[in-house]
Amino acid sequence: MSLTQTLDQPALDAPVRRAPALPAVPATRGRSGRSFASSPPGAVLLGLSFPVALVLVWWAAARGGLVPEQILPAPGAIFETTVGLIADGSLATHLEVSTKRVLVGFGLGALFGLLFGTAAGLSPTVRAFLYPPVQAVARVNVLAWMPLLTLFMGIDEPLKYVVIGWSAAIPVILGTARGIENVSPAFRELGQVLHFDTRDTLRLVVVPGAVPSIFAGLREGLANAWQTLVLAELFASFEGLGYLMTWGRQLFQLDLVVIAMIVVALAGLAMDLVLRLLERRAQPWKRGTADVH
């Protein structure tokens with residue numbers, strides 16, 4: 001018997017080790033092994049539980065007179081005002097104007113951010129030359145630049161597109177550059193072994209590896225776009241959801257303010273869900289893994 005066979009063969013008198021017992025499966029899991037929170041209906045119910053509880057507390061506080069109606073209108077008053085705004089078409093008009101501004105500004109900012117971030121992620125020279133100014137600008141809120149931008153651009157639509165695109169571009173640049181830079185060197189070496197050219201390396205190695213970070217930057221940029229939109233419309237606008245908030249505050253009709261806030265939140269959530277769906281479609285291998293688990 002060789003030395004290798006002797007070392008590989010277990011001793012006859014060695015005690016037999018039993019495998020540890022598997023933990024019991026929680027009762028909340030189904031046959032597929034998924035928990036209640038991971039299933040789509042369960043996630044929806046858990047997501048709705050907090051808003052529903054908040055509305056109940058709001059209703060109880062308004063009904064009990066804990067908060068004056070001038071400060072916090074009751075949910076019933078909010079509903080009646082919403083129906084009136086929908087009936088006369090004003091809410092749809094404000095929503096359309098604000099959505100257009102967000103889409104245009106975010107689209108321009110995302111396009112610039114993807115191009116600039118890709119260049120910074122692929123080229124160390126570009127990253128060393130232009131990345132520090134971007135980091136410095138990212139530390140200053142775009143609204144601080146609005147008085148200066150107003151002198152050159154006025155208060156019309158281009159100003160809103162620029163500030164919205166500016167606020168959206170920064171996280172897209174950082175996310176894209178970080179994602180491309182952090183692609184595993186092993187994947188790049190595999191592309192070299194397979195004799196990928198530059199185009200195939202970008203399409204099959206770099207972009208798939210950077211997709212999660214890119215979409216994280218896009219979603220953060222979209223959130224920044226909505227926040228900047230409201231502030232820009234508060235600053236200089238005569239229509240839009242931000243203007244509706246300003247109008248309600250000036251008239252001390254806080255139901256208009258609350259309605260505009262709710263619409264902004266729902267519109268932003270809807271756009272974020274669209275980005276989530278696009279991210280899933282851009283990563284088909286993750287969909288297959290999720291189906292297995």
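All values reported here derive from a predicted model rather than from experimental measurement.
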Of all heavy-atom pairs linking Gly113 and Ile173, the shortest is CA-CG1, 3.4 Å

Taking every heavy atom of Gly175 against every heavy atom of Ser213, the minimum-distance pair comes out as O-OG, 2.6 Å

In short, Pro73 meets Trp58 closest at the heavy-atom pair O-NE1, 2.8 Å

Taking Met271 as the starting point, is it possible to reach Val104 by hopping between hydrophobic residues whose side chains are less than 4.5 Å apart?
no

### Query
Among side-chain atoms of Thr81 and Asp255, is any donor-acceptor pair under 3.5 angstrom?
yes

Residue set satisfying side chain to side chain donor-acceptor pair (under 3.5 Å) with Thr150, at least two apart, ordered chain then number -> none

Does a side chain donor of either Ser98 or Glu233 reach within less than 3.5 Å of an acceptor in the other side chain? yes

Thr228 and Val163 have their tightest heavy-atom pair at CG2-O, 3.7 Å

CG (Leu241) and CD1 (Ile259) are apart, to the nearest 0.5 Å, by 11.0 Å

Worksheet item: For Gly242, does its backbone N or O pair with a side-chain atom of Trp247 as donor and acceptor, under 3.5 Å?
Response: no

Minimal heavy-atom distance between Arg127 and Pro132, with the atoms involved, is O-CD, 3.6 Å

| Do Phe79 and Leu56 share a hydrophobic cluster, counting only Ile, Leu, Val, Met, Phe, Trp and Tyr and linking them when any side-chain heavy atoms are less than 4.5 Å apart? | no

